[in-house]
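Remarks on the structure that follows.
In this chain, numbering begins with 1 at the start of the sequence shown.
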Amino acid sequence: MLDRILCLANSYKHDHRCVAGISLISKQWVRLVGQVVPGCLTLREASYADGKEVRPLDIFEAEVDEACGSNCHPEDVYINPQPLRRVERFDQPHHSSKLALHVSKSPMVLDNYSDRIYYRKLEGAPIPNSIELVKPDDLWWWIRDEGGKRKHRALFRVGNASRIRYDFAVTDPVWLQQLNLLSPGIYPNSLLFGEKPHKTLLTVSLSEPFEGFHYKLVAGVISLPQ
């Protein structure tokens with residue numbers, strides 16, 4: 001079946017990619033799974049015929065096959081091996097209000113202040129959503145060197161009155177390129193945009209089990225001009 005998808009995440013998944021977004025046909029989240037590596041897309045599968053990778057806020061078409069969801073990733077669907085086809089961008093100021101309709105009002109992925117969920121919790125109790133769009137407040141980017149390896153974290157609240165500050169790893173390759181231009185430190189989100197009015201949303205996703213936990217990740221950073 002041909003589906004048309006608004007991309008809201010193209011995230012690192014080991015050496016491959018996790019591409020997800022909202023189907024403009026079903027109005028539901030979908031996370032694409034390819035034919036080569038279990039649970040993700042290869043770089044080639046996550047690219048168009050011209051070799052360019054799908055980007056957040058691309059609208060693209062994909063040949064979707066059967067659903068392959070699990071307790072921790074109910075949105076997963078297989079795609080056929082045909083290349084993705086770019087349709088248009090969804091990045092103009094007038095798109096902002098339309099995108100806001102997809103922001104989760106009660107994010108389930110956030111759950112609590114922790115950045116992970118014990119894997120046994122989901123073995124017998126599947127979750128309805130493992131990926132959501134949230135509107136962050138008081139957003140900061142934390143860059144640090146740890147054992148010779150660079151780490152990138154998003155620090156944010158959801159709701160100005162909230163006492164919970166979330167602290168999640170960032171896996172969006174395009175945004176990581178921006179953060180890699182900065183020295184280690186903690187930076188307000190506004191610093192990266194200067195005087196240009198903008199709106200930032202985050203795609204938060206739950207990972208598959210890794211060393212006994214499902215980790216909560218910032219899989220996509222979505223910025224629109226105001």
Side-chain angles (χ1 to χ4, degrees), residues 4-13 17-24 26-32 46 53-60 75 87-111 113 115 127-143 152-162 164-179 186-207 215-226:
R4 184 168 285 199
I5 299 165
L6 169 59
C7 179
L8 294 175
N10 179 1
S11 170
Y12 282 126
K13 187 169 184 180
R17 293 291 188 269
C18 178
V19 174
I22 293 172
S23 165
L24 299 181
S26 69
K27 312 302 182 186
Q28 301 295 315
W29 279 92
V30 290
R31 184 187 284 106
L32 306 185
E53 275 193 77
V54 61
R55 294 187 296 157
L57 298 180
D58 277 358
I59 293 178
F60 67 93
E75 304 87 355
V87 177
E88 61 179 329
R89 290 287 290 165
F90 195 80
D91 60 355
Q92 298 304 306
H94 66 273
H95 290 136
S96 182
S97 59
K98 295 179 181 179
L99 193 59
L101 298 175
H102 299 294
V103 172
S104 178
K105 294 179 174 59
S106 301
M108 296 182 181
V109 175
L110 300 183
D111 188 35
Y113 67 87
D115 71 341
I127 56 174
N129 304 307
S130 68
I131 186 165
E132 294 173 300
L133 192 65
V134 301
K135 180 181 179 299
D137 293 291
D138 194 21
L139 174 60
W140 296 70
W141 304 100
W142 182 15
I143 306 165
H152 306 85
R153 311 281 295 189
L155 311 176
F156 63 98
R157 305 180 196 275
V158 174
N160 284 318
S162 174
I164 297 176
R165 180 179 291 280
Y166 300 102
D167 175 0
F168 295 169
V170 181
T171 57
D172 178 335
V174 174
W175 196 250
L176 290 175
Q177 288 179 359
Q178 298 295 316
L179 296 181
I186 301 178
Y187 300 90
N189 187 55
S190 58
L191 180 75
L192 281 77
F193 295 94
E195 299 299 320
K196 295 182 291 185
H198 69 282
K199 178 179 184 178
T200 300
L201 302 173
L202 302 178
T203 301
V204 293
S205 177
L206 201 62
S207 77
Y215 287 85
K216 303 172 189 178
L217 308 169
V218 172
V221 180
I222 312 297
S223 290
L224 279 172
Q226 296 280 52

* Candidate pair Tyr166 and Val158, rule side chain to side chain contact (heavy atoms under 4.5 Å, CB included), full reasoning -> CA-CA 8 Å; Tyr166 300 102; Val158 174; 4.1 Å; yes

* Is there side-chain contact between Asn189 and His198, with heavy atoms separated by less than 4.5 Å? -> yes

* **Test side chain to side chain contact (heavy atoms under 4.5 Å, CB included) applied to Arg31 and Cys18, step by step** => CA-CA 7 Å; Arg31 184 187 284 106; Cys18 178; 3.6 Å; yes

* **Stepwise ring pair (Phe, Tyr, Trp, His ring centres under 6.0 Å) check, Phe168 with Tyr215** => CA-CA 8 Å; Phe168 295 169; Tyr215 287 85; over 10 Å; no

* Asked: Measuring from His152:NE2 to Trp142:CH2, what's the distance to the nearest 0.5 Å?
  -> 12.5 Å

* Asked: With no hydrogens and no angle check, do the side chains of Ser130 and Glu75 hold a donor and an acceptor under 3.5 Å apart?
  -> yes

* List the steps and the verdict of side chain to side chain contact (heavy atoms under 4.5 Å, CB included) for Leu24 and Ile5. => CA-CA 6 Å; Leu24 299 181; Ile5 299 165; over 6 Å; no

* Asked: From Leu6 CG over to Ile59 CD1, what is the distance, rounded to the nearest 0.5 angstrom?
  -> 5.5 Å

* salt_bridge(Lys216, Asp115) N-O dist < 4.0 Å -> no

* Can you pull the salt bridge (Lys or Arg N to Asp or Glu O under 4.0 Å) pairs that have at least one residue in residues 167-176, sequence neighbours excluded? -> Arg153-Asp167

* Asked: Quick check: does any side chain N or O of Glu53 sit under 3.5 Å from a backbone N or O of Ala46, one acting as donor and the other as acceptor?
  -> no

* Structure fact -> Between the NE2 atom in His102 and the CD1 atom in Ile22, the distance rounded to the nearest 0.5 Å is 4.5 Å

* **Option among Val218, Val221, Leu202 that satisfies the side chain to side chain contact (heavy atoms under 4.5 Å, CB included) test with Trp175** => Val221

* Interatomic distance, Lys13 atom NZ to Thr171 atom OG1 [nearest 0.5 angstrom] -> 10.5 Å

* Kindly indicate, with the supporting measurements, whether the criterion side chain to side chain contact (heavy atoms under 4.5 Å, CB included) is fulfilled by Tyr12 and Leu176. => CA-CA 10 Å; Tyr12 282 126; Leu176 290 175; 3.7 Å; yes

* For Asp91 against Leu224, the heavy-atom pair lying closest together -> CA-CD2, 3.3 Å

* Check whether any side-chain heavy atom of Phe156 lies under 4.5 Å from a side-chain heavy atom of Asp137, and answer yes or no. => no

* Over all atoms of both residues, closest heavy-atom pair of Asn10 and Val54 -> ND2-O, 2.8 Å

* To do: Determine the minimum heavy-atom distance between Ala154 and Val170, stating which atoms define it.
  => N-CG2, 3.7 Å

* May I ask you to decide if Met108's main-chain N or O and Asp111's side chain share a donor-acceptor pair within less than 3.5 Å? => no

* Hey, what do you get for CD1 (Ile222) to NE2 (His95), rounding to the nearest 0.5 Å? -> 13.5 Å

* **Minimum side-chain heavy-atom gap Lys199-Pro225 below 4.5 Å** => no

* To do: Please confirm whether the backbone N or O of Ser205 pairs with a side-chain atom of Glu132, one donor and one acceptor, at under 3.5 Å?
  => no

* **Check: Asp138 main-chain N/O paired with Arg165 side-chain donor or acceptor under 3.5 Å** => yes

* Between CH2 of Trp140 and CD1 of Ile186, what distance do you get to the nearest 0.5 Å? -> 8.0 Å

* **Closest contact, heavy atoms only, Ser223 versus Leu57** => O-CD1, 3.9 Å

* Is there side-chain contact between Val87 and Asp58, with at least one heavy-atom pair below 4.5 Å? -> no

* To do: Give the minimum heavy-atom separation between Ala219 and Ser11, together with the two atoms involved.
  => O-CB, 3.5 Å

* If only atom types and distance count, is the side chain of Thr203 paired as donor or acceptor with the main-chain N or O of Leu8 below 3.5 Å? -> yes

* Could you tell me whether the side chain of Leu201 reaches within less than 4.5 Å of the side chain of Val103, counting heavy atoms only? => yes

